[in-house]
K.L.:
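I am attaching a structure below and will ask some questions about it afterwards.
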Protein chains: 2
Amino acid sequence: MQDEDLAVMMRALGHPVRLSILKIVAKSQQSCCCADVTQCLPLAQSTVSQHIKVLLEAGLIERRSEGTKNCYVVVAPKMQKLESAFGSLTRGLIS
Amino acid sequence: MQDEDLAVMMRALGHPVRLSILKIVAKSQQSCCCADVTQCLPLAQSTVSQHIKVLLEAGLIERRSEGTKNCYVVVAPKMQKLESAFGSLTRGLIS
DNA sequence: AGCATTCATCGTTAAATAACGATATAATCT
DNA sequence: AGATTATATCGTTATTTAACGATGAATGCT
């Protein structure tokens with residue numbers, strides 16, 4: 001994986017609100033929409049939507065529209081790739 | 001590990017220049033100072049020093065003064081803690 | 001068709017970040 | 001003591017980010 005792509009994902013994870021959003025999305029077994037996330041956080045809907053966009057653009061979550069809602073899921077393969085890239089980074093750094 | 005701390009480290013890793021700096025510091029077996037890093041990058045010394053500060057504050061590298069130079073090393077235990085925190089994060093997200 | 005719901009996007013503002021050159025500090029050397 | 005070296009910090013500028021309220025577009029309901 002390219003350093004730039006890795007950096008984009010790291011940056012996406014580099015904000016506590018986005019970590020929270022990821023956890024909320026992951027935890028809710030059935031479809032999790034923007035309103036669901038917003039309800040869990042002390043932030044405006046538009047702010048949450050913006051954070052979601054960052055996660056989307058990093059490829060860490062995916063949108064799928066469901067009626068009038070937009071639901072989000074964590075992209076497991078991407079997370080795994082990230083973890084492995086991160087692993088080889090750290091291995092390279094500390095060996 | 002607290003979400004905020006995790007986010008600080010992720011953010012520190014969320015810039016390609018800082019990834020480069022970490023790699024440069026890790027690769028150079030003997031003491032690696034700011035000038036050494038700067039020589040490897042198309043950036044001003046002050047800019048490199050600023051990036052180094054971000055890595056220092058995240059606890060990912062450590063300074064140790066050596067004569068008139070300041071040398072840097074990757075803090076292996078911190079990297080390992082980060083990797084394990086990251087691992088449990090992703091495990092929580094994709095399970 | 002008209003209304004309600006959901007949510008992305010727009011426009012704005014304040015704060016943080018990235019980059020630079022210039023300067024100041026601290027250690028070494030002559 | 002004075003000169004040199006290495007580098008952190010300062011001051012600045014431009015860009016990006018975070019947060020908000022308001023608006024608009026798409027979908028579903030009556």
Side-chain angles (χ1 to χ4, degrees), chain A residues 3-25 28 30-75, chain B residues 3-25 28 30-75:
Chain A
D3 266 11
E4 182 56 49
D5 302 325
L6 187 56
V8 165
M9 289 189 237
M10 291 298 195
R11 204 160 41 233
L13 293 174
H15 192 295
V17 166
R18 287 194 288 269
L19 289 178
S20 300
I21 292 176
L22 275 178
K23 287 178 188 173
I24 291 165
V25 168
S28 92
Q30 64 271 42
S31 42
C32 179
C33 66
C34 182
D36 297 331
V37 176
T38 303
Q39 226 169 10
C40 300
L41 296 171
L43 292 171
Q45 175 268 322
S46 58
T47 304
V48 172
S49 188
Q50 230 173 284
H51 281 297
I52 285 176
K53 191 181 188 183
V54 174
L55 292 170
L56 277 172
E57 285 175 348
L60 298 177
I61 62 175
E62 237 172 24
R63 182 172 14 229
R64 125 183 89 87
S65 94
E66 209 167 271
T68 165
K69 299 181 178 180
N70 282 349
C71 298
Y72 297 96
V73 283
V74 175
V75 179
Chain B
D3 266 12
E4 181 58 47
D5 303 324
L6 187 56
V8 166
M9 290 190 238
M10 292 296 196
R11 204 161 41 233
L13 293 174
H15 193 296
V17 166
R18 287 193 289 268
L19 290 179
S20 300
I21 292 177
L22 276 178
K23 288 179 189 173
I24 292 166
V25 168
S28 91
Q30 64 273 42
S31 43
C32 179
C33 65
C34 181
D36 297 331
V37 176
T38 303
Q39 225 170 11
C40 300
L41 296 170
L43 292 171
Q45 175 268 322
S46 58
T47 303
V48 172
S49 187
Q50 230 173 283
H51 281 297
I52 285 177
K53 191 180 188 183
V54 173
L55 292 170
L56 276 172
E57 285 174 348
L60 298 176
I61 62 175
E62 236 173 24
R63 181 170 20 225
R64 126 183 87 87
S65 94
E66 207 167 272
T68 165
K69 297 181 179 180
N70 282 348
C71 298
Y72 298 96
V73 283
V74 175
V75 179

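Scope of the values below: all heavy atoms of this structure, side chains included, with no hydrogens, waters or symmetry mates.
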K.L.:
Send over the distance from B:Leu43 CG to C:dT17 P, rounded to a whole Å.
P.N.:
18 Å

K.L.:
Supply the atom-to-atom distance A:Asn70 CG to A:Ile52 CD1, rounded to the nearest 0.5 angstrom.
P.N.:
9.0 Å

K.L.:
On DNA chain C, check which nucleotide each of B:Glu66 and A:Ala35 is closest to and give me the residue with the more 5' one.
P.N.:
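Looking at the nearest nucleotide for each, A:Ala35 comes out on the 5' side.
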
K.L.:
Hey, are the side chains of A:Gln50 and A:Ser46 touching, using non-hydrogen atoms and a 4.5 Å cut-off?
P.N.:
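They are not in contact (no side-chain heavy atoms under 4.5 Å apart), so the answer is no.
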
K.L.:
Relative to the 5' end of DNA chain D, which residue comes earlier, A:Val48 or B:Asp36, by the nucleotide with the nearest heavy atom?
P.N.:
B:Asp36

K.L.:
Indicate the atoms forming the closest heavy-atom contact of B:Ala12 with B:Leu55, along with that distance.
P.N.:
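That closest heavy-atom pairing would be O-CD2, 4.1 Å.
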
K.L.:
Quick check: on DNA chain D, is the nucleotide nearest A:Ser46 upstream (toward 5') of the one nearest B:Cys71, or the reverse? Name the residue that is more 5'.
P.N.:
B:Cys71

K.L.:
If I take atom CD in residue A:Gln50 and atom P in nucleotide C:dT6, what distance separates them, rounded to the nearest angstrom?
P.N.:
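Computing the A:Gln50:CD to C:dT6:P distance gives 21 Å.
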
K.L.:
Starting from P on C:dA18, measure out to NE2 on B:His15 and report it in whole angstrom.
P.N.:
5 Å

K.L.:
Can a donor-acceptor pair be found, under 3.5 Å and without considering hydrogens, that links the side chain of A:Ser20 to the backbone of A:Pro16?
P.N.:
yes

K.L.:
Charged N to carboxylate O below 4.0 Å: is that the case for A:Lys23 and B:Asp3?
P.N.:
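Salt bridge: yes.
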
K.L.:
In whole angstrom, what separates A:Lys69's NZ from C:dT6's C1'?
P.N.:
9 Å

K.L.:
Reckon A:Ile52 touches a base, only the sugar-phosphate, or nothing at all at heavy-atom distances under 4.0 Å?
P.N.:
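Answer is nothing: A:Ile52 stays at 4.0 Å or more from every strand.
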
K.L.:
With a cut-off of less than 4.0 Å, is there a side-chain N or O of B:Arg18 near OP1 or OP2 of C:dA18?
P.N.:
yes

K.L.:
What is the distance from CZ of A:Arg64 to P of C:dT6, rounded to the nearest Å?
P.N.:
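From A:Arg64 CZ to C:dT6 P: 17 Å.
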
K.L.:
Of all nucleotides in DNA chain D with an atom under 4.0 Å from a non-hydrogen atom of chain B, which is the first and which the last going 5' to 3'?
P.N.:
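From 5' to 3', the first and last contacting nucleotides are D:dT5 to D:dT9.
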
K.L.:
When A:Leu60 is tested against each of A:Leu13, A:Val54, A:Ile21 for side chain to side chain contact (heavy atoms under 4.5 Å, CB included), which residue passes?
P.N.:
A:Leu13

K.L.:
Examine the base of C:dT28 for any acceptor or donor lying under 3.5 Å from a partner atom in the side chain of B:Thr68, and report the outcome as yes or no.
P.N.:
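When only heavy-atom distances are counted, B:Thr68 does not reach the base of C:dT28 through any donor-acceptor pair under 3.5 Å.
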
K.L.:
Tell me if a side-chain donor or acceptor on B:Arg18 pairs with a main-chain N or O of B:Arg11 at a distance below 3.5 Å.
P.N.:
yes

K.L.:
Looking at B:His51, does any N or O in its side chain come under 4.0 Å of the phosphate oxygens OP1/OP2 on C:dT17?
P.N.:
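Negative; the distance criterion is not met.
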
K.L.:
Please report the distance, rounded to the nearest Å, between CD1 in B:Ile21 and P in C:dA18.
P.N.:
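Rounded to the whole Å, the gap is 11 Å.
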
K.L.:
Rounded to the nearest Å, what distance is computed from the CG atom of residue B:Leu55 to the C1' atom of nucleotide C:dT17?
P.N.:
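Nearest whole value for this atom pair: 14 Å.
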
K.L.:
Return the value, rounded to whole Å, for the distance between atom CZ of B:Arg11 and atom P of C:dT17.
P.N.:
6 Å

